[in-house]
Amino acid sequence: QVQLRESGGGLVQAGESLSLSCAASGRDIGTYAMAWFRQAPGKGRELVASITWDSKIKRYNTPVKGRSTISRDNTKNIMLLRLDSLVPEDTAVYYCNADDSLQSYSILPQGFWGPGTQVTVSS
């Protein structure tokens with residue numbers, strides 16, 4: 001089983017930047033597709049960004065497109081997300097996902113999830 005743990009969340013001011021980390025353990029996730037999701041109170045879990053196992057394809061959902069960077073280091077079993085120009089709408093619990101099957105992320109993936117890390121953006 002793959003264990004995932006997010007870190008780096010916290011309280012930040014609008015306009016600032018934040019970096020999130022997802023550390024994987026238990027299994028080598030070097031062949032897994034990975035993604036960041038987020039869920040705001042009372043809302044469904046939505047895709048933030050995704051990355052293929054080899055970092056060849058990166059996708060960003062519209063709300064963060066142009067101000068977000070997803071990356072991974074398979075030698076360290078980590079995935080990173082940087083959010084710039086934060087807005088209050090970015091406030092959510094951010095979740096890390098890893099899945100060893102092909103993913104379009106049109107729907108929520110199966111695979112493994114971390115417990116989430118809270119990001120709060122003050123206005």
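Just so you know, these numbers use all the heavy atoms, side chains as well, and skip hydrogens, waters and symmetry mates.
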Exercise for review: For the pair N97 (side chain) and F37 (backbone), establish whether a donor and an acceptor sit closer than 3.5 Å, ignoring hydrogens and angles.
Suggested key: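 Flag not set: sc N97 to bb F37 has no pair under 3.5 Å.
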Would you compute the distance between atom [atom1] of [X] and atom [atom2] of [Y] and round it to the nearest 0.5 angstrom?
{"X": "T75", "Y": "D28", "atom1": "OG1", "atom2": "CG", "result": "10.0 Å"}
{"X": "I78", "Y": "L4", "atom1": "CD1", "atom2": "CG", "result": "12.5 Å"}
{"X": "W53", "Y": "D99", "atom1": "CH2", "atom2": "CG", "result": "16.0 Å"}
{"X": "I70", "Y": "R82", "atom1": "CD1", "atom2": "CZ", "result": "14.5 Å"}
{"X": "M34", "Y": "S50", "atom1": "CE", "atom2": "OG", "result": "11.5 Å"}
{"X": "L83", "Y": "S17", "atom1": "CG", "atom2": "OG", "result": "8.5 Å"}

Revision key, fill the gap. Per side-chain contact (heavy atoms from CB on, under 4.5 Å), L18 is matched among L81, D84, L11, L86 by L86
Return a table of donor-acceptor pairs under 3.5 angstrom between the side chains of residues 108-123 and protein atoms on other chains or two or more places apart.
| from | atom 1 | to | atom 2 | distance (Å) |
| --- | --- | --- | --- | --- |
| T117 | OG1 | G9 | N | 3.2 |
| Q118 | NE2 | A92 | O | 3.4 |
| Q118 | NE2 | T120 | OG1 | 3.4 |
| S122 | OG | V12 | O | 3.3 |

Check your understanding: According to a 4.5 Å side-chain heavy-atom criterion applied to Ile, Leu, Val, Met, Phe, Trp and Tyr, with indirect links allowed, do L47 and V64 form part of one hydrophobic cluster?
Key ->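 No, it is not one cluster - the side chains of L47 and V64 are not joined through contacts under 4.5 Å.
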Review point. Same hydrophobic cluster for Y95 and M79, using side-chain heavy-atom links shorter than 4.5 Å among ILVMFWY?
Key: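 No; tracing contacts between hydrophobic side chains, which count when under 4.5 Å, never links both residues.
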Check your understanding: Does E46 reach the side chain of R38, with side-chain heavy atoms less than 4.5 Å apart?
Key ->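 Counting from C-beta outward, E46 and R38 do come under 4.5 Å.
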Check your understanding: Which residue pairs pass the side-chain hydrogen bond (donor to acceptor under 3.5 Å, both in side chains) test with at least one member in residues 56-69, sequence neighbours excluded?
Key ->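 Sorted pair list: R67-D90.
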Practice item. Search all heavy atoms of S55 against all heavy atoms of R72 and return the closest pair with its distance. Key: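 Closest heavy-atom pair between S55 and R72: OG-CG, 3.3 Å.
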Check your understanding: Where is the tightest heavy-atom contact between Y32 and V2, given as atom of each residue plus distance?
Key ->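 Shortest heavy-atom contact: OH-CG2, 3.9 Å.
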Practice item. Please list all pairs passing the salt bridge (charged side-chain N to carboxylate O under 4.0 Å, His left out) test where one or both residues lie in residues 102-116, with sequence neighbours left out. Key: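 Pairs touching residues 102-116 that pass the test: none.
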